[in-house]
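Report on the structure given below.
The model shown is predicted, which means the values in this text are computed figures rather than measured ones. Ligands are counted one by one from 1 in listed order, and the atoms in each one are counted from 1 as well. Nothing fancy with the numbering, it's 1 onward along the sequence.
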Amino acid sequence: MIVDKFGRRFRNLRVSLTAACNYACSYCVPDGKRLLKAKNELAATRLLKGVSLLQQAAGIDKVRITGGEPLVTPKFDEFLLGVTSLPLSDVSLTTNGQLLLKKKEVIQESGLKRINVSLDTLNPIRFKKIARGGDLQTVLNGIEEMLHIGLKVKINMVPLRTQNLSEVPAMLDYCLDRGIELRFIELMRMGHLLNSSSFSNDFVSMESLLDIIAANHTFARTDAPYDSTAVRFQIPDKGSFGIIANESEPFCRACTRLRLSSDGYLYGCLSNSNKHYIGDLVDLPAHLVLPKLQGVLVNSLSDKRLSFQGEVTVMKFIGG
Ligand code: SAM
């Protein structure tokens with residue numbers, strides 16, 4: 001097992017299936033241009049091989065499928081069916097939800113148990129302004145269908161002071177009414193937001209969010225697993241919500257995350273652009289690949305920072 005001097009090891013792997021996306025969220029891309037796939041993206045079989053090798057070399061036991069938008073790529077079905085048949089303790093999916101209805105059958109076939117849907121607003125006009133792609137009602141229909149077929153659903157919302165902050169109470173009620181856990185993600189200084197006034201204008205802290213929620217609900221902080229990204233709160237008899245508080249309460253010292261990009265690079269830290277190519281390793285026989293991979297993993301682990309400082313890397317390349 002590879003462990004650093006702070007006791008950190010890799011346990012959770014996020015696999016970005018493609019950098020392509022059918023949205024162009026205002027906080028993710030600056031110019032509203034749709035995101036295209038990266039050059040030399042790996043096929044599903046090679047990404048699956050990567051997951052399996054990382055299981056052996058790093059002790060990965062949880063995988064989250066992400067992107068870009070994972071549902072836009074034709075390799076989604078093969079990857080989902082492959083990864084859910086590996087001996088992992090948990091497989092989850094992060095999606096903007098636009099194509100959930102179209103992917104319902106393969107999701108059911110795979111036995112996937114839970115998904116996170118990114119949704120920043122319940123207002124169709126605001127949706128067009130923030131997501132700059134897709135259709136709100138299609139996402140809402142997709143969420144209802146996922147609940148109907150028995151999936152556990154979480155919703156990720158990025159509160160933005162100048163755009164959707166007034167919707168925090170309505171989003172929380174929408175989720176509580178449906179047994180969905182709402183997760184607020186504090187805006188991160190990634191890509192064009194690094195050193196930009198848009199970041200300071202739009203950033204909403206955990207404290208400000210809790211003040212807004214306290215106007216309508218009584219809640220208490222609950223224990224979260226050691227390496228959880230979210231601070232969790234319970235609203236008695238109603239449900240729970242979480243806040244991924246990169247700025248207000250960074251979880252870097254307990255971070256167990258490793259990211260595999262669609263073009264075959266490992267990233268040890270969201271707040272560090274260093275990347276390590278493993279696309280060529282997946283073709284080697286196991287006795288050769290594992291020692292090499294261990295070396296790459298040591299380097300990736302040493303990329304982990306002790307606090308979140310933001311990075312020029314755009315989220316779409318490495319998966320949120
Ligand atoms: N397309 C998928 C989706 O929408 O969930 C997966 C990729 S997306 C990059 C993953 C998550 O990152 C989304 O919830 C998105 O809102 C979030 N995200 C992207 N840029 C962000 C930023 N600068 N700060 C906070 N969250 C961000």
Side-chain angles (χ1 to χ4, degrees), residues 14-30 34-38 63-73 76 79-80 92-100 103 114-121 126-127 130-134 136 138-139 142-143 146 153-165 171 180-196 198-206 209 229-230 242-248 250-251 257 259-262 267 270-271 308-320:
R14 297 185 175 209
V15 183
S16 174
L17 290 193
T18 178
C21 189
N22 43 1
Y23 286 9
C25 294
S26 60
Y27 50 83
C28 190
V29 288
R34 274 312 146 68
L35 301 171
L36 303 174
K37 64 181 195 176
V63 171
R64 175 174 293 280
I65 305 169
T66 179
E69 170 49 43
L71 301 193
V72 300
T73 171
F76 173 74
F79 186 85
L80 178 68
S92 55
L93 165 69
T94 298
T95 171
N96 62 31
Q98 199 58 229
L99 296 171
L100 274 173
K103 293 294 172 186
R114 59 192 200 91
I115 56 166
N116 286 30
V117 181
S118 303
L119 180 64
D120 296 322
T121 173
R126 209 170 273 144
F127 181 89
I130 300 177
R132 301 190 288 196
L136 173 63
T138 309
V139 180
I143 291 171
M146 293 300 110
V153 178
K154 286 182 185 163
I155 288 184
N156 292 342
M157 173 189 187
V158 181
L160 303 160
R161 190 164 293 284
T162 66
Q163 300 196 52
N164 62 358
L165 194 57
M171 282 288 286
I180 292 173
E181 183 169 308
L182 179 57
R183 295 222 150 167
F184 300 100
I185 308 180
E186 278 187 356
L187 187 62
M188 295 181 222
R189 288 170 281 177
M190 300 291 292
H192 70 291
L193 294 183
L194 188 71
N195 306 321
S196 146
S198 312
F199 174 77
S200 30
N201 292 341
D202 269 326
F203 177 75
V204 181
S205 68
M206 173 158 83
L209 272 173
T229 48
I243 302 180
I244 300 178
N246 286 283
E247 297 282 333
S248 305
F251 45 86
R257 273 147 205 91
R259 291 176 164 83
L260 174 59
S261 67
S262 54
Y267 289 80
L270 199 56
S271 188
F308 187 79
Q309 297 155 14
E311 195 39 92
V312 284
T313 317
V314 183
M315 208 78 123
K316 65 143 181 164
F317 284 123
I318 53 180

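When only interatomic distances are considered, the shortest N/O to N/O separation between Asp120 and ligand 1 does not fall below 3.5 Å. For Thr66, no nitrogen or oxygen atom sits less than 3.5 Å from a nitrogen or oxygen atom of ligand 1, counting backbone and side chain alike. Residue contacts with ligand 1: Met188 is placed with a nitrogen or oxygen under 3.5 Å of a nitrogen or oxygen of the ligand (distance criterion only).
Tested against Glu69 for a side chain to side chain donor-acceptor pair (under 3.5 Å), the candidates Thr94, Thr18, Thr95 yield a single pass: Thr95. Between Val153 and the options Ile180, Leu100, Asn116, a side-chain contact (heavy atoms from CB on, under 4.5 Å) holds for only Ile180.
Numbered from 1 in the order shown, with element, the atoms of ligand 1 that lie under 4.0 Å from a heavy atom of Ser118 read 3 (C), 4 (O), 5 (O), 13 (C), 14 (O). Every atom of ligand 1 with a heavy atom of Glu186 under 4.0 Å away is listed here by number and element: 25 (C). Close approach of ligand 1 to Ile185 (heavy-atom distance below 4.0 Å) involves ligand atoms 14 (O), 25 (C), 26 (N). Taking every heavy atom of Gly68 and a limit of under 4.0 angstrom, the matching atoms of ligand 1 come to 1 (N), 2 (C), 6 (C), 7 (C). Each of the atoms 16 (O), 26 (N) of ligand 1 lies under 4.0 Å from some heavy atom of Val158.
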Task: Evaluation steps, ring-ring contact (aromatic ring centres under 6.0 Å, His included), between Tyr23 and Phe127 - done: CA-CA 10 Å; Tyr23 286 9; Phe127 181 89; 5.7 Å; yes

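Residue contacts with ligand 1 for Thr95 involve N, CA, C or O but no side-chain atom from C-beta outward (heavy atoms, distance under 4.0 Å).
Rounded to the nearest 0.5 Å, atoms CD1 (Ile185) and CG (Asn156) are 4.0 Å apart. Taking NZ of Lys154 as the start and CZ of Arg114 as the end, the distance is 5.0 Å to the nearest 0.5 Å.
Both tests pass for Arg189 against the ring of Phe199: distance under 6.0 Å to the centre and angle within 45° of the axis.
Formation of a donor-acceptor pair under 3.5 Å by the Asn164 side chain with backbone atoms of Asp120 is found in this model.
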